Amino acid sequence: MNIKIAEIEHCDESLIKAFERLTPQLSEDAPIPTAERLQRIVESHTTHLLAATDEDGTIAGVLTLVFFDIPTYCKAWIEDVITDSAYRGRGIGRALVERALEIAKERGADNVNLTSRPSRKEARALYCKVGFEEVPTTVFRLKLH
């Protein structure tokens with residue numbers, strides 16, 4: 001199988017349908033993004049939405065890479081890495097992460113962060129294989145909505 005990794009440059013029906021299919025595979029609680037939200041992401045200068053597509057153009061996986069500058073660093077953050085269950089075990093997640101890391105280097109990021117639930121054993125093993133290290137920190141969250 002030949003998989004192509006590319007940045008999504010426009011929001012269309014196939015992208016919307018892909019997220020309807022993929023989002024529940026990430027989390028049962030995650031809201032499925034609207035067309036408007038996906039359009040904002042695609043148009044953003046700080047966000048890169050990557051997709052892995054097969055020969056037929058079917059989106060087999062996605063990854064979101066976000067950049068933000070703070071006084072001490074230029075940081076990149078990887079979020080919502082999803083490989084369709086029908087395509088798992090074929091290196092798609094790794095290819096998405098490696099492409100995201102290339103973009104982060106090109107953009108001058110000082111580091112790349114991500115979080116992963118302990119229950120996502122395969123994902124966590126992948127992140128370690130490509131060089132991520134678990135750091136002694138705790139994420140704090142305040143839900144606004």
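Predicted model only: the values in this text are computed from it and were never measured. Worth knowing before you read on, the calculation uses all heavy atoms, side chains too, and leaves out hydrogens, waters and symmetry mates.
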**Message:** Around atom CD of E106, are there more than 12 heavy atoms from other residues, nucleotides or ligands closer than 6.0 Å?
**Reply:** yes

**Asked** So, for N2 and E55, which heavy atoms are closest and what is the spacing to 0.1 Å?
**Response** N-OE2, 2.5 Å

**Prompt:** Should I3 and L15 be counted in the same cluster of Ile, Leu, Val, Met, Phe, Trp and Tyr side chains packed under 4.5 Å apart?
**Reply:** no

**side-chain contact (heavy atoms from CB on, under 4.5 Å) assessment of R120 paired with L26** = CA-CA 9 Å; R120 298 191 71 215; L26 175 67; 3.8 Å; yes

**Prompt:** Counting distance only, does the side-chain N/O of E133 pair as donor-acceptor with the main-chain N or O of C128 below 3.5 Å?
**Reply:** no

Show me, pair by pair, the donor-acceptor contacts under 3.5 angstrom made by side chains of residues 45-52, not counting sequence neighbours?
from : atom 1 : to   : atom 2 : distance (Å)
T46  : OG1    : S44  : OG     : 3.1
T47  : OG1    : S44  : OG     : 3.4
H48  : ND1    : E7   : OE1    : 3.0
H48  : ND1    : E7   : OE2    : 2.9
H48  : NE2    : R107 : NH1    : 2.9

**Item:** Exercise: identify the closest heavy-atom pair between C11 and Q39
**Value:** CB-OE1, 3.1 Å

**Asked** Yes or no on salt bridge (Lys or Arg N to Asp or Glu O under 4.0 Å) for E102 and R99, after CA distance, side-chain angles and deciding distance?
**Response** CA-CA 5 Å; E102 289 171 4; R99 180 64 187 124; 3.0 Å; yes

Contacts table for residues 134-145: side-chain donor-acceptor under 3.5 angstrom, sequence neighbours left out:
from : atom 1 : to   : atom 2 : distance (Å)
E134 : OE1    : R124 : NH2    : 3.2

**Message:** Looking at R88, I want to see if its CZ is surrounded by more than 12 non-hydrogen atoms of other residues, nucleotides or ligands under 6.0 Å.
**Reply:** yes

**Asked** With a 4.5 Å limit on heavy-atom distance, are the side chains of V112 and F132 in contact?
**Response** yes

**Asked** Honestly curious: do F19 and I5 fall in one hydrophobic cluster under the side-chain, below-4.5 Å linking rule?
**Response** no

**Request:** Let me see the working for R94 and E98 under salt bridge (Lys or Arg N to Asp or Glu O under 4.0 Å), right down to the final yes or no.
**Result:** CA-CA 6 Å; R94 183 179 190 121; E98 288 175 345; 2.8 Å; yes

Please report, to 0.1 Å, the donor-acceptor pairs under 3.5 Å made by any side chain of residues 57-83, with sequence neighbours excluded.
from : atom 1 : to  : atom 2 : distance (Å)
W77  : NE1    : E79 : OE2    : 2.6

**Request:** Show the numbers, then the answer: is there a side-chain contact (heavy atoms from CB on, under 4.5 Å) between E43 and H10?
**Result:** CA-CA 8 Å; E43 291 175 355; H10 62 278; over 6 Å; no

